[in-house]
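Whatever order the structure lists them in is the order used to number ligands and atoms, beginning at 1.
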Amino acid sequence: MNKLLSTFAKLHHLVAKVMYLLLVMIFTATTGVADSKPKLIVQITVDALRGDFPTRYQHVLGDGGFRYLLDKGIYYKNAYYEHGNTETIVGHVSLATGAVPATHGMIGNVWFDREQDRLVYNIEDADYELLSANADVDKNIEIDPTQKAAKVDGRSPSNILSSTFSDEMAIFSAGASKIFSVSVKDRGAVSMAGQTGKAFWFSKANGEFVTSNYYYDHYPDWVNKWNADKPINVYSGKQWQLMLPTEDYMFGELNDHEYVTKLPGFRQSFPHDYGVSEDKYFTTLLTTSPAGDELTLNFAKTLVEQEQLGQDDVPDYLAISFSSTDYVGHLFGASSLESEDNFARLDRTLASLFSFIDNKVGLDNTLIVLSADHGQPEVPGYLNDLGMKDAAHFDMDSLDKTPIIAAVKKRFAIEANLVEAFFQPYIYLNQKMLNDKGIDADEVAQALAEELMNVKGIAYAISSASLSTTNLPDQAVKRAIQNNFHPKRSGDIYVVFEPNVFISDFDGLDVASVHGSPWRYDSFVPVIFVGAGLSSAHVNRLITPYDIAPTLSAYIGSKPPSGAFGTPLLEVLDN
Ligand SMILES: [Zn+2]
C-alpha cells in the first residue's frame, strides 16, 4: 500500500511538474518575457546570529562565505523583530510566515496548554511519531529545557496557525516544487518546511538525522545510507580547536572565564574535547560546537544531490537552520573566543555550501536569503568587567521568596495554589480555581503584575488583560508584548526583565546567557539576499525579518503566506 501511495505521489509530482512547465511555456510565449525565476531558493537561518556579528567579526572571514554575502548581496543592516519573546521557534516561524506570533501562534518554545492542563513543547504532536525508534529525547542527557518539556516524542507543524512561504510555493506550483528543511534542532527544521515540505533534524539520542511520520512512512534510501555511514564518528576522540592563530582573534587573550557554563565533560577553554562516540554527552557536545553545523551541511549537501534540487525550471526550496551559534552563545557568550571561532568556522561552512550550490545549480540560478531567528545577549560577567554593573543573572530564589504572591493571595482570600506555571516569559494563573471561587482572574493578574513591577531586575510585568488599555509605559515594549499575545496560548502576565538581566537557569544547568527578551540585542538580526543575478547593496533603512516571506512570495509571483504582514523588500524585487 505504501509503495502504491508513493508511486501515486511520484506520478502526481510528475504530472504537476509537466502542468507547471506548460503554464510557464504558455506565459513565456504569450508575453515574450523569458522566465527568470531561480531554480532553487535557499533560506538559511543562523540560530542566534546577532545583527552585529558579520561586521564585528569580519577579521576572521575567509573567501566565499560571509564575504560573498557582504560583498555581493543586498545586506539589510537594520532589521529587528517586533515580538517580545525572541526564542527559536518564534523567530523561525516568523521568518517562515512573515507574521508575528500573535498571528502564527508560536508564542514560545513552550507554553501552558489549558485544555491539556500541562506545559507543551511547540511542535510536539502525539499523532506523528518519529520514524526511528531510538531517537526520542533522552531526558537524562538533554540540556535543552524546552525539549524536556515535551511529553510526547512525535513532531509536526500542526501548531503553526499560518501558511509558510514554502506552503505558498507548493500551492503556486501545484505541488511541483520540491520543499525540504534541515536543522540540528527539530523546531529549526519543522518550522520552515511548513505543512507541505519535508523536515529532517538531528537526534542527540541516536546521532542520526530523523523525521516523523507526518512527512514520510519510511526513510528515503539515501537518508538510511547517510545515517548508516555514521558521519558523527569522525569527531570521536577529537577536539574543537582554534582554527586561526590566537593573535588573529579579538578574544584571543580572553580564553578562560569563570562566567562560562560548566558543562560536564566540556572544558571551559580551548581545546574542547568531544569525547568518544560511546560517551553519553558525545552527540550533545557536537551540537554545542561548530561540528553541529558541519554535520548539518554534510546532510544538506547529500539532500540536494539525492533529491536533485534545482535541476529543472520548477523552483525548489531548501531551508537550512544552523544551530551551533545559539548553543555556543548560551555556553560561552556572544563576546568570547568560542563565539568568535565558531563564527569563523560557520563562515567556512557557508563558503563550502555556496561553492557546492554553485557547482550543482549555479549561484546565478539560486536565490539565497540568510537571517537569524533572534540575536543574543552579553554575559553579565563580561559586561560587569567593562563597568556595566547592572547586568546580572536574575535570581529566581528572590522571586520565590518575595512575599508578593502571598500578599496577593491574602488580598483575594485565596488559599490554593495561585500560579499554575511560570515558563518565560509568561505567568499562568490557576484560572480554574479562580473561576470556581468566583474571583475575577483579570483583577488578580493585574494586582500581581503591579507587585512584580517592584521586584529588582523586572522592568515590566504586564497582565494580558491590560494589553487592551492604553496606560502602559513604553510603546515599543507594549507592541512587542501585544505582537506576542495569542488568546489561547499566552499566559496571564508577561514578565520583561531589565536589559542585560535574565534567568540563567536552564533546568538546573546554569548557563552563561539566555536570550528571549524584547531588547535590541535579542531582536537585532542580519537580513541578506544574494545570488540569482542580484546586484549588491548595503541598505540602512529599518526593516523587519517579517518582510522576508512576502518578499520571497512576490519574487516567485505567488500570493503571500496567510498571516504575512511584512512589506516586500523593493531592493530585492526591483533589482
Ligand atoms: Zn534560537
Side-chain angles (χ1 to χ4, degrees), residues 43-53 79-81 83-97 100-101 104 106-111 121-123 142-150 155 160 181-193 199 201-202 204 261 284 287-290 292-293 296 319-334 338-339 342-343 346 370-379 423-425 480 484 502-504 506-507 509 511-527 545-546 548:
Q43 183 161 18
I44 299 167
T45 308
V46 178
D47 206 308
L49 184 70
R50 203 173 61 199
D52 60 328
F53 276 30
Y80 302 92
Y81 283 105
H83 56 255
N85 191 16
T86 47
E87 289 185 338
T88 304
I89 190 64
V90 190
H92 276 85
V93 177
S94 298
L95 289 169
T97 62
V100 290
H104 63 60
M106 306 304 271
I107 57 143
N109 284 337
V110 173
W111 62 82
Y121 176 64
N122 54 86
I123 51 165
E142 183 57 64
I143 61 165
D144 181 340
T146 67
Q147 286 276 4
K148 283 202 235 182
R155 297 287 184 266
I160 302 174
S181 179
V182 182
S183 178
V184 153
K185 292 185 184 178
D186 53 9
R187 57 188 181 272
V190 169
S191 49
M192 308 307 287
W201 58 93
F202 184 71
K204 281 179 269 195
T261 308
T284 300
T287 64
T288 58
S289 68
D293 286 350
T296 306
I320 309 175
S321 176
F322 291 111
S323 310
S324 297
T325 303
D326 180 79
Y327 288 124
V328 171
H330 280 297
L331 295 188
F332 300 98
E338 281 77 6
S339 275
N342 176 70
F343 183 77
L346 169 68
L370 177 142
S371 191
D373 55 345
H374 51 76
Q376 283 193 39
E378 293 291 342
V379 179
F423 208 99
Q424 288 195 72
N484 217 86
F502 47 80
I503 296 173
S504 61
F506 236 51
D507 216 31
L509 180 69
V511 294
S513 84
V514 177
H515 54 83
S517 81
W519 305 117
R520 285 305 201 208
Y521 49 79
D522 280 343
S523 65
F524 179 30
V525 295
V527 173
Y546 317 106
I548 294 173

NZ or CZ of Arg520 within 45° of Tyr80 ring axis and under 6.0 Å: yes

Could you measure the distance from the [atom1] atom of [X] to the [atom2] atom of [Y]? Nearest 0.5 Å is fine.
| X | Y | atom1 | atom2 | result |
| --- | --- | --- | --- | --- |
| Lys185 | Asp373 | NZ | CG | 6.5 Å |
| Leu49 | Ile44 | CG | CD1 | 11.0 Å |
| His330 | Ser504 | NE2 | OG | 12.0 Å |

The Zn ion (ligand 1) to nearest N/O/S of His92 below 2.8 Å: no

Atom name, Asp373 (N, O or S, nearest to the Zn ion (ligand 1)): OD2

With the Zn ion (ligand 1) as the apex, the OG1/OD1 angle for Thr88 and Asp47 - to 10°: 130°

